[in-house]
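Just so it is clear, the model here is predicted, and its values are computed rather than measured.
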Amino acid sequence: QVQLVESGGGLVQAGGSLRLSCAASGRIVSLNVMGWYRQAPGKQRELVATITSGGLTNYADSVKGRFTISKDNPKMTVYLQMNSLKPEDTAVYYCNYYYRYHSWGQGTQVTVSS
């Protein structure tokens, strides 16, 4: 099993920034995809950004140019730098690890006030 521990959520005003971190441990394999998803109240969970073990990234259109995903492979930690935050970015953000199946973190709340 893979354990994921997230940190860095909080309350920020519109236009502000936050940085989320997710540390992975357990049965980690070198070939994997890690990423961030989010779920707002009353909505389905959606992809925010992913990064492969080789460094290839993918972003939702709604966050392109504002969010940056990065990864520290030796530390098995993935980061999400969120700039120019908007109220519609308010959600619970979940870290995800994928190799054959998905593993999820417990989620961290991000609230952006207008």
Which residue pairs satisfy the side-chain hydrogen bond (donor to acceptor under 3.5 Å, both in side chains) criterion with at least one member in residues 42-59, sequence neighbours excluded?
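Every pair satisfying side-chain hydrogen bond (donor to acceptor under 3.5 Å, both in side chains) with a residue in residues 42-59: R38-E46.
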Using the test side chain to side chain donor-acceptor pair (under 3.5 Å), find all partners of T111 that sit at least two apart in sequence or belong to another chain.
Q109
Using the side chain to side chain donor-acceptor pair (under 3.5 Å) criterion, which residues pair with Q39? Sequence neighbours excluded.
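If we apply the side chain to side chain donor-acceptor pair (under 3.5 Å) test to Q39, skipping adjacent residues, there are no hits.
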Just grab all the ring pair (Phe, Tyr, Trp, His ring centres under 6.0 Å) pairs involving residues 1-27, residues at least two apart or on different chains.
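The answer is none; no pair qualifies.
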For residues 23-55, the ring pair (Phe, Tyr, Trp, His ring centres under 6.0 Å) pairs (sequence neighbours left out) are Y37-W104
Counting only pairs under 3.5 Å, give me each side-chain donor-acceptor contact of residues 66-74, with atom names and distances, residues two or more places apart or in other chains.
residue	atom	partner	partner atom	Å
R66	NH1	S84	O	2.9
R66	NH1	D89	OD2	2.8
R66	NH2	S62	O	2.9
R66	NH2	D89	OD1	3.0
R66	NH2	D89	OD2	3.4
K71	NZ	N32	OD1	2.8
D72	OD1	K75	N	3.3

With a 4.5 Å cut-off on side-chain heavy-atom distances among I, L, V, M, F, W and Y, is there a chain of contacts connecting I51 to M76?
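Yes.
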Would a single hydrophobic cluster contain both V33 and Y99, if residues Ile, Leu, Val, Met, Phe, Trp and Tyr are joined by side-chain heavy-atom contacts under 4.5 Å?
no
Which residues pass the side chain to side chain contact (heavy atoms under 4.5 Å, CB included) test with E88, sequence neighbours left out?
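Residues passing side chain to side chain contact (heavy atoms under 4.5 Å, CB included) with E88: K86.
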Distance-only, no hydrogens or angles: does the T108 side chain make a donor-acceptor pair with backbone N or O of Y93 under 3.5 Å?
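No, the answer is negative, given that no donor and acceptor are paired below the 3.5 Å cut-off.
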Name each donor-acceptor pair under 3.5 Å that joins a side chain in residues 15-29 to protein atoms two or more places apart or in another chain, with its distance.
residue	atom	partner	partner atom	Å
S17	OG	N83	OD1	2.9

Partner set under ring pair (Phe, Tyr, Trp, His ring centres under 6.0 Å) for Y98, not counting sequence neighbours
H102
Under the rule for ring pair (Phe, Tyr, Trp, His ring centres under 6.0 Å), what residues qualify as partners of Y94, not counting sequence neighbours?
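In terms of ring pair (Phe, Tyr, Trp, His ring centres under 6.0 Å), with neighbours along the sequence ignored, Y94 is linked to no residue.
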With side-chain contact (heavy atoms from CB on, under 4.5 Å) as the criterion, how do M34 and L4 come out once you've worked through the C-alpha distance, each side chain's angles and the decisive distance to 0.1 Å?
CA-CA 10 Å; M34 293 188 70; L4 302 170; 4.1 Å; yes
Testing the basics here: between V48 and V63, what is the closest heavy-atom pair and its distance to 0.1 Å?
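Result for this residue pair: O-CG2, 3.6 Å.
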Between P87 and S114, which heavy-atom pair has the shortest distance, and what is it?
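Here P87 and S114 meet closest at CG-CB, 3.8 Å.
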Apply the hydrophobic cluster definition, ILVMFWY joined by side-chain contacts under 4.5 Å directly or through others, and give me every member besides Y101.
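Cluster partners of Y101: none, it stands alone.
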Could you list who else is in Y79's hydrophobic cluster, with ILVMFWY side chains joined at under 4.5 Å, directly or through other members?
none
